[in-house]
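Below you'll find the structure, written out as structure tokens, and then a few comments.
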Protein chains: 2
Amino acid sequence: MPTTHKDAGADSPVRNPSPGSRRRADAERSVTAILDAALTAFGENPEVSMTGIARAAGVGRVTLYSHFPSREDLLDAVMTHAVQEANAALGAESSPEIPVREALEMLIGSSWRILSRYGRLQPTALRILGPERVREHHDQPLVRVRDIIVRGRREGVIRDDLPESWLVTVFYSLLHAAALEVDAGRLPAETAADTLTTTLLSTLGVST
Amino acid sequence: MPTTHKDAGADSPVRNPSPGSRRRADAERSVTAILDAALTAFGENPEVSMTGIARAAGVGRVTLYSHFPSREDLLDAVMTHAVQEANAALGAESSPEIPVREALEMLIGSSWRILSRYGRLQPTALRILGPERVREHHDQPLVRVRDIIVRGRREGVIRDDLPESWLVTVFYSLLHAAALEVDAGRLPAETAADTLTTTLLSTLGVST
DNA sequence: CATAACCCGAACACTAGTGTTCGGATTATG
DNA sequence: CATAATCCGAACACTAGTGTTCGGGTTATG
């Protein structure tokens, strides 16, 4: 088993009280504060120390460690949390009644909005968790993309001459590329979404 | 001046002999061995220690440091070296007589071949030098892409509805995305080049 | 209001890497 | 073959981060 799996439970805290009772409210608050601070901290600087994150979260270093035993565990939890929120935000938009083209446009829009919150996490995640693990995390949301593409193909609205997995990857990487471009100031934030939509639609071969 | 510039001379060694004489041949050999070992080492594992690289290069740690004072200096030199080779390999293909479409196809082909050698360096470089510096390095080769795109637009063969810089970025990121896909085993190496070509041509709006 | 759960700072041991210095052994080069 | 350039291993000082332990304080919860 080459893939690193860890526990993969929900936002993984580590303390276990007496097996009967559940987590106390302040602990919950700490975890949230940490996850939140870690999100922005990792986004700003991939090198932040645990100490730094603890401080940013307004929490003792020991507390941090008591919830997330290692730096890697923490980042992984942040990813899980982010993807969960993202997945929720994407909603159940993929009702098979909406035309593929519009479904795609909506999906791009949502994804783009979400990415503006979580996108900066990507570089850090890549570096600490590695590309495979990051893709694993993205797998769930990417299924939606995949589904629409498959449907689009059946209906003959999306090109059929390229591997389906590749089209998904194109979606994924152009999305992130656009985020980086905006971040670098090479692409105006206002028009970015449109640019992205136009690009993706034509790349997927959606008939104009 | 926010951009980190360093010295940026040629493959920067650091020793200076008596100002008159030039570098000795064995020193040259060492530098080459180091650059070479560092290329693959950084490619395999972004975390390699200087010690590890020295060992891989069959060279003493001290020697390594005497040529490249810091880890960052080394990576930067590796990048410079790689880009130089790449740039040379790209040759002077952009004679304005070749039709845009074919010029593009050739450029994609060359870039792809080069990337299979140097592509694995990207993640490491991103992480240590940061996105900006990496783009700086790529600037030179990307000019060729830019040129063809500009020409293609003048001739009406390439789409005009998206920012030119964005098209360049699309080229850049899809190229690297494909490399990662192959690396991850999601895209068969044999067909990758074709897939990439098809994708890029249609994204740039080159008329079929 | 009792108590288990939790928070916290301080201190400690540990690790791994970085960058430097020293002195002696090699080796290219003229 | 003389000598300056280079290589090399060993040892050292330094840094920064990690993860743990301890003991006393605080607070949610039933």
Side-chain angles (χ1 to χ4, degrees), chain A residues 6 11-38 41-42 44-78 124 127-129, chain B residues 6 11-38 41-42 44-78 124 127-129:
Chain A
K6 297 270 166 186
D11 294 343
S12 49
V14 139
R15 297 236 181 150
N16 16 344
S18 46
S21 68
R22 72 178 187 291
R23 210 158 55 188
R24 239 174 61 177
D26 51 353
E28 205 81 42
R29 243 181 293 135
S30 289
V31 172
T32 308
I34 292 175
L35 251 25
D36 214 60
F42 276 134
E44 286 167 1
N45 164 24
E47 320 262 19
V48 254
S49 60
M50 293 293 261
T51 314
I53 296 176
R55 193 166 35 228
V59 131
R61 210 169 62 94
V62 188
T63 305
L64 172 52
Y65 272 108
S66 81
H67 285 301
F68 307 94
S70 85
R71 175 195 196 64
E72 203 179 318
D73 286 325
L74 175 56
L75 217 221
D76 207 86
V78 172
T124 308
R127 153 184 200 157
I128 298 185
L129 303 178
Chain B
K6 297 272 164 182
D11 293 344
S12 49
V14 139
R15 298 238 180 148
N16 16 348
S18 46
S21 67
R22 73 180 186 292
R23 209 159 56 187
R24 239 174 62 177
D26 51 351
E28 205 80 43
R29 244 180 293 136
S30 289
V31 171
T32 308
I34 292 175
L35 250 26
D36 214 60
F42 276 134
E44 286 167 1
N45 163 23
E47 321 262 18
V48 256
S49 61
M50 293 293 262
T51 314
I53 296 175
R55 193 168 33 228
V59 132
R61 211 168 61 95
V62 188
T63 305
L64 172 52
Y65 272 107
S66 81
H67 286 299
F68 307 94
S70 84
R71 175 193 197 65
E72 204 179 318
D73 286 326
L74 175 56
L75 217 222
D76 207 84
V78 172
T124 308
R127 152 182 201 157
I128 298 185
L129 304 178

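Note: hydrogens, waters and symmetry copies are ignored here, and every other heavy atom, side chains too, is used. Proteins get letters first, then strands, A, B, ... in listed order; numbering begins at 1 in each. Since this is a predicted model, take the numbers as computed values, not measurements.
- The CG atom of L129(B) lies 5.0 Å from the CG atom of L75(B); values are rounded to the nearest 0.5 Å.
- Shown here are the side-chain hydrogen bond (donor to acceptor under 3.5 Å, both in side chains) partners of E44(A), two or more places apart in sequence or in another chain: there are none.
- For the helix from dC1(C)-dG30(D) to dG30(C)-dC1(D), the end axes, each set by the C1' atoms of five terminal pairs, are bent relative to each other by 30° (nearest 10°).
- Contact annotation: H67(B) side-chain N/O to dC7(D) OP1/OP2 distance is under 4.0 Å.
- Contact check, S30(B) against dC7(D): a side-chain N or O comes under 4.0 Å of OP1 or OP2.
- Contact of the D26(A) side chain with the R29(A) side chain is registered, since non-hydrogen atoms from C-beta on lie closer than 4.5 Å.
- Under the side-chain contact (heavy atoms from CB on, under 4.5 Å) criterion, D36(B) pairs with R117(B), sequence neighbours left out.
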With 3.5 Å as the limit, what N/O pairs link the protein to nucleotides 20-24 of chain C?
{"unit_1": "dT20(C)", "atom_1": "O4", "unit_2": "R61(B)", "atom_2": "NH2", "d": "3.2"}

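- Contacts with DNA chain D (heavy atom under 4.0 Å) in residues 44-57 of chain B: none are found.
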Sort me out a list of protein N/O and nucleotides 23-28 of chain D N/O pairs below 3.5 Å, or just none if empty.
{"unit_1": "dT27(D)", "atom_1": "O2", "unit_2": "R24(A)", "atom_2": "NH1", "d": "3.2"}
{"unit_1": "dT27(D)", "atom_1": "O2", "unit_2": "R24(A)", "atom_2": "NH2", "d": "3.3"}

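- Straight-line distance from the CD1 atom of I128(A) to the C1' atom of dG17(D): 13 Å, rounded to whole Å.
- Between L74(B) atom CG and dG19(C) atom C1' there is a gap of 14 Å when expressed in whole angstrom units.
- Across every non-hydrogen atom of V31(B) and F68(B), the tightest pair is CG1-CZ, 4.1 Å.
- One atom, CD1 of I34(A), and another, C1' of dC7(C), lie 11 Å apart when rounded to the nearest Å.
- Remark: A33(B) pairs with no residue by the side-chain contact (heavy atoms from CB on, under 4.5 Å) rule, at least two apart or across chains.
- For residues 57-67 of chain A, the set of pairs meeting the salt bridge (charged side-chain N to carboxylate O under 4.0 Å, His left out) definition, not counting sequence neighbours, is empty.
- Distance L64(A) CG to dC8(C) P: 10 Å, rounded to the nearest Å.
- Going from atom CD of E28(A) over to atom C1' of dA5(C) covers 13 Å, rounded to whole Å.
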With a 3.5 Å cut-off and sequence neighbours excluded, list the donor-acceptor pairs that the side chains of residues 45-60 of chain A form with protein atoms.
{"unit_1": "N45(A)", "atom_1": "OD1", "unit_2": "E47(A)", "atom_2": "N", "d": "2.7"}
{"unit_1": "E47(A)", "atom_1": "OE1", "unit_2": "R127(A)", "atom_2": "NH2", "d": "2.9"}
{"unit_1": "E47(A)", "atom_1": "OE2", "unit_2": "R127(A)", "atom_2": "NH2", "d": "2.7"}
{"unit_1": "S49(A)", "atom_1": "OG", "unit_2": "G52(A)", "atom_2": "N", "d": "3.1"}

